Protein chains: 2
Amino acid sequence: MARDYPPIEKCDTVVIHKDVVNRVKGKMPQEETLYDLAELFKVFGDTTRIRILWALDESEMCVCDIANLLGMTQSAISHQLRILKQADLVKNRRDGKVVYYSLDDEHVKQILDKGLTHTNEK
Amino acid sequence: MARDYPPIEKCDTVVIHKDVVNRVKGKMPQEETLYDLAELFKVFGDTTRIRILWALDESEMCVCDIANLLGMTQSAISHQLRILKQADLVKNRRDGKVVYYSLDDEHVKQILDKGLTHTNEK
DNA sequence: TAGAAAGATGAACAGTTGTTCATGTAATCA
DNA sequence: TGATTACATGAACAACTGTTCATCTTTCTA
């Protein structure tokens, strides 16, 4: 994601607003923090994954159940569950042949709810 | 985003877990709601936009200032601000030639903070 | 009024992402 | 043990996304 940006196009405001910009620059979080944050939201930024998370908030379910519920293939769901697991949004347990997935913690629902508050009001 | 999914691969759990799956199916929000939610998080899912939002939480700024702050071109920032505005995450006001952008409401910071809580703990 | 400044925008291009298809692995059971 | 079930995964492909470049609009000013 690291890119090589071209020279900055300066305009008069860069001089006029120098103090404000420098103050903000000093208060910005670490690049890595912002990168991780974007990566997290990227995981939430897909309808399939949002539907999986919403479903798992209602009940623990196995891969096949989720596929059936959402009308998608087992493979597609399995790929998405891997992404959700890597982001620590879901956890799983194995019971024989069946692997049950569930939400990792309560943050997930909180983030979904905050997003919902915004979309409902706009 | 609407796709034509292939026939569902059934497995035994579909019968065994029928009641759970049907209950969850009944509690799922509207498809449109989940779509809008994913669209919202998609907007948060980019480092440049996250950096812009974080900067605007500190202070109202014009396009050129943001470009200068982030070391990117005016054009790139302008494109991203359009996306943020369409998602009702930022608003703007014109003062002569200069257009100042700021966060639209307090939800934005709340969503960022919830995300940060998650990334900090994992 | 002509030129410049600040910003917006369309096209193009490379990089990324989500699903499918084929196949692999772990656990169960006849 | 061999077949089957549930799930995982790599490759491939189409669709999408973010930046650049060129150009356009709006506003100010000399």
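Small disclaimer: the values here were computed from a predicted structure and weren't measured. Within every chain, numbering begins at 1; the chains are lettered A, B, ... in the order of the sequence lines, protein sequences first and strands thereafter.
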If the cut-off is 4.0 Å, is A:Thr73 near the phosphate of C:dT20, judged by side-chain N/O to OP1 or OP2?
yes
Taking B:Asp46 for its side chain and B:Arg49 for its backbone only, find out whether a donor-acceptor pair lies under 3.5 Å.
yes
What is the distance, to the nearest angstrom, from the CD1 atom on A:Ile77 to the P atom on D:dT9?
15 Å
How close or far is atom C1' of C:dT17 from atom CG of A:Asp46, stated in whole angstroms?
9 Å
What is the distance, to the nearest angstrom, from the CD atom on B:Gln86 to the P atom on C:dA8?
12 Å
Cluster question for you: counting only ILVMFWY and a side-chain heavy-atom cut-off of under 4.5 Å, with indirect links fine, are A:Val98 and A:Leu69 together?
no
On the nucleotide C:dG18, are OP1 or OP2 found under 4.0 Å from the side-chain N or O atoms that A:Arg49 carries?
yes
Describe the nucleic acid contact of A:Tyr100 in one word from base, sugar-phosphate, nothing, applying a heavy-atom distance below 4.0 Å.
nothing
Roughly what angle, to 10°, lies between the helix axis at the start of the helix from C:dT1-D:dA30 to C:dA30-D:dT1 and the one at its end, five pairs per end?
10°
Please state whether the phosphate of C:dT17, meaning OP1 or OP2, lies under 4.0 angstrom from any side-chain nitrogen or oxygen of A:Gln80.
no
Write down the distance between CD1 (A:Ile16) and C1' (C:dA5), rounded to a whole number of angstrom.
11 Å
If you draw the axis of the six-membered ring of A:Trp54, does the NZ or CZ of B:Lys27 fall within 45° of it and under 6.0 Å from the ring centre?
no
Judged by each residue's nearest nucleotide on DNA chain D, which is more toward the 5′ side, A:Tyr101 or B:Ala76?
A:Tyr101
Do A:Ser75 side-chain and D:dT9 base share a donor-acceptor contact under 3.5 Å?
yes
N/O donor-acceptor pair, side chain B:His79 with base C:dG7, under 3.5 angstrom
no
Backbone of B:Ile16 reached by a side-chain donor or acceptor of B:Thr13 within 3.5 Å:
no
In this structure, how many angstroms lie between the C1' atom of C:dT19 and the CG atom of A:Leu81, rounded?
14 Å
Check the orientation of B:His118 and A:His107. Use parallel for under 30°, tilted for 30 to 60°, and perpendicular for over 60°.
perpendicular
What's the NZ-P distance between B:Lys85 and C:dA8, to the nearest Å?
10 Å
Is there a donor and acceptor pair, one atom on the side chain of B:Gln74 and one on the base of C:dA8, closer than 3.5 Å?
yes
Should the pair A:Phe41 and B:Phe41 be assigned to parallel (<30°), tilted (30 to 60°) or perpendicular (>60°) ring geometry?
parallel
Give a yes/no on whether any side-chain N or O of B:Thr48 is located under 4.0 angstrom from OP1 or OP2 of D:dT19.
yes
